[in-house]
Amino acid sequence: HRSQKHRIEDLQRIVSTLANKKDEIVNFIDILKQTIRNVQVNSSNVFRELDKEFDALHSVLDEMKESMANTIQQERTEKIQALNNQLGQCSSALESSEELLECATTILNIKNPMEFSKAARQIKDRITACPAFRICLKPTISDNMSHLMVDFTLERHVLQALKFLPVPKVPEINTAACLVADNCVTVAWKMPEEDSRVDHFVLEYKKTDYDGLARVKDEQPWEVIDYVKDYVYTLSGLKFDKKYMTVRVQACNKALAGDYSDPVTLETKAFVFGLDDTSSHLNLKVEENYVEWDPTGGKGQEKAKGKENKGRSGASPKRTSASRSAAKGCRDRFTGESYTVLGDTAIESGEHYWEATAQKDCKSYSVGVTYRNLGKFDQLGKTNSSWCIHINNWLQSTLSAKHNNKSKTLDLPITDRIGVYCNFDGGQLMFYNANSMELLYAFKTKFTQPLLPGFMVWCGGLSVSTCLQVPSVVKAFQKSVNGLNSSTCSLYSVPVMPIESSHC
């Protein structure tokens with residue numbers, strides 16, 4: 001009985017497999033029929049295109065023939081007109097000569113010497129002035145028309161060599177001419193050989209964190225830039241939220257697209273971080289890369305350590321006791337008058353740049369960096385492990401640089417957008433007016449611990465822009481700085497606050 005049951009199950013599986021295969025064959029037959037219909041339709045289309053192209057070619061040949069025939073006709077008319085004019089002059093001279101000959105013959109028959117002498121003088125003057133002596137007896141126009149002959153041997157060979165459009169060659173990306181700067185990527189390429197039939201190019205790119213082939217699970221779709229007419233294209237307004245960008249190019253003619261070039265991976269070197277809401281003061285409301293002062297948070301709502309702040313108005317759903325306990329470096333939430341929030345990614349090497357933009361109603365804010373050891377009551381710039389630019393718009397506007405509880409007032413225009421450049425390995429921290437790219441202040445030190453971006457906000461909001469490249473103007477400034485003596489304080493066009501590494 002059990003064997004019979006197994007045979008039934010085996011047969012059912014075979015029948016099910018056969019039924020599935022039957023459905024696959026039916027579907028495939030439908031695909032084949034549709035493909036046949038598509039071949040018929042597409043072949044009719046290319047037949048029409050072929051007729052259209054040859055009609056256009058015939059039209060060009062007919063126009064050329066008509067133009068050349070008109071040239072021959074015009075020259076023939078001009079030559080015949082000139083020869084007819086010369087013929088008319090010769091006929092007139094001939095008639096005049098015949099008339100004079102008859103007169104001269106008559107005079108020769110006069111017997112009276114007096115009459116003969118008189119008539120002879122008259123006919124002599126007429127003969128001397130006869131047109132026959134002044135006329136040119138050589139055609140003024142040549143009858144040669146061979147300079148208007150044509151030889152279409154070369155063109156005939158070209159026409160005989162007409163074929164269907166070839167597939168374009170594969171472009172080659174010129175890595176030396178590619179540039180990543182100022183949140184733009186410029187891609188340049190060339191063709192292996194000149195091809196006048198290339199109509200346009202297609203550029204594709206995708207972001208990745210892998211230098212080379214990405215993992216399948218992390219594979220991103222290609223972004224397409226179509227109908228690029230030049231051999232160079234600049235991708236602008238990018239957000240460099242990945243470490244690399246992979247690009248490839250294909251050439252297209254009127255009908256066909258060639259193969260893609262070998263992909264080229266370009267390094268973006270952008271600093272990517274977010275705001276760590278687990279570190280923020282209770283009076284700060286953090287949403288992604290925006291922080292806003294919220295007076296409804298209040299110290300009075302702060303519970304004992306380890307308890308959840310359930311009564312807080314407008315609290316972010318991300319702020320839970322679990323997330324607070326996961327704060328990087330086991331930091332406690334900032335409190336007191338330290339209305340601070342830190343970035344969630346540390347800087348341990350390299351060159352990085354980011355910006356902060358204050359809202360119009362922001363009364364006071366600071367932008368800077370700090371080591372992880374910033375205490376929950378500490379303020380940016382008031383410790384020996386933090387550096388910042390502080391802007392105060394309360395009562396009167398002031399701009400100052402702060403470090404180790406020392407403040408340097410800067411006699412510079414107030415800006416609502418500050419750029420921060422950090423060269424960790426070179427020990428350089430520079431603050432810029434991100435609107436004009438004017439250097440505001442520069443610190444020179446030796447960083448001994450990882451740095452975190454830090455922001456203080458009171459009465460207002462602050463937007464943080466990350467995923468930015470180091471601007472080219474900053475790189476140019478750095479190049480000029482590196483050419484000077486790094487041991488002096490005259491490296492910068494504005495005052496520098498040198499910090500000994502032992503103070504850090």
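What you are looking at is a predicted structure, and each value in this text was computed from that prediction instead of being measured.
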Between F447 and F424, is the ring centre distance below 6.0 Å? yes
Do Y231 and M191 come within less than 4.5 Å of each other through their side chains, counting heavy atoms only? yes
Can you name the residues that form a side-chain contact (heavy atoms from CB on, under 4.5 Å) with S397, not counting sequence neighbours? N393, I414
More than 12 foreign heavy atoms under 6.0 Å from OH of Y290: is that the case here? yes
Rounded to the nearest 0.5 Å, the NE2 atom of H147 sits from the CD1 atom of I72 at a distance of 9.0 Å
Once you round to the nearest 0.5 Å, how far does CD1 of I25 lie from CG of N20? 11.0 Å
Applying the ring-ring contact (aromatic ring centres under 6.0 Å, His included) criterion to W387, which one of Y371, F431, Y441 satisfies it? Y371
If we count only N and O atoms by modelled type, under 3.5 Å, do the side chains of R197 and N253 hold a donor and an acceptor together? no
Do E355 and L468 have side chains that approach each other closer than 4.5 Å (heavy atoms only, starting at C-beta)? yes
Nearest heavy-atom neighbours spanning P171 and S261: O-CB, 3.1 Å
Just wondering, are more than 12 heavy atoms of other shown residues or ligands nearer than 6.0 Å to CG in D195? yes
Is there a side-chain contact between V202 and V249 (heavy atoms, below 4.5 Å)? no
Salt bridge R48-E53, side-chain N to carboxylate O under 4.0 Å: no
Would you call Q34 and I36 a side-chain contact if the rule is heavy atoms closer than 4.5 Å? no
Should D209 and K242 count as an ion pair when the cut-off is N to O under 4.0 Å? yes
Closest contact, heavy atoms only, W222 versus T246: CZ3-O, 3.5 Å
Inter-residue atom distance H157.NE2 - E155.CD, 0.5 Å rounding: 10.5 Å
Sidechain N-carboxylate O distance under 4.0 Å for D241, K207: yes
So do the side chains of Y432 and Y421 get within less than 4.5 Å of each other, counting heavy atoms only? yes
Side chain proximity check, L380 to T370, heavy atoms < 4.5 angstrom: yes
Under 4.5 Å between any side-chain heavy atoms of L275 and D344, yes or no? no
If you draw a 6.0 Å radius around CD in E66, do more than 12 non-hydrogen atoms from other residues or ligands fall strictly inside? no
Q12 versus S16: any side-chain heavy-atom pair under 4.5 Å? no
Would you indicate whether D259, at its atom CG, is surrounded by more than 12 heavy atoms from other residues, nucleotides or ligands within a distance under 6.0 Å? no
Summary of salt bridge (charged side-chain N to carboxylate O under 4.0 Å, His left out) pairs that have at least one residue in residues 13-40, sequence neighbours excluded: D10-R13, K21-E24
Should K243 and E267 count as an ion pair when the cut-off is N to O under 4.0 Å? no
Can you tell me which residue pairs pass the salt bridge (charged side-chain N to carboxylate O under 4.0 Å, His left out) test with a partner in residues 77-87, sequence neighbours excluded? E75-K79
Give the ring-plane orientation class for F273 versus F455, where under 30° counts as parallel, over 60° as perpendicular and anything between as tilted. parallel
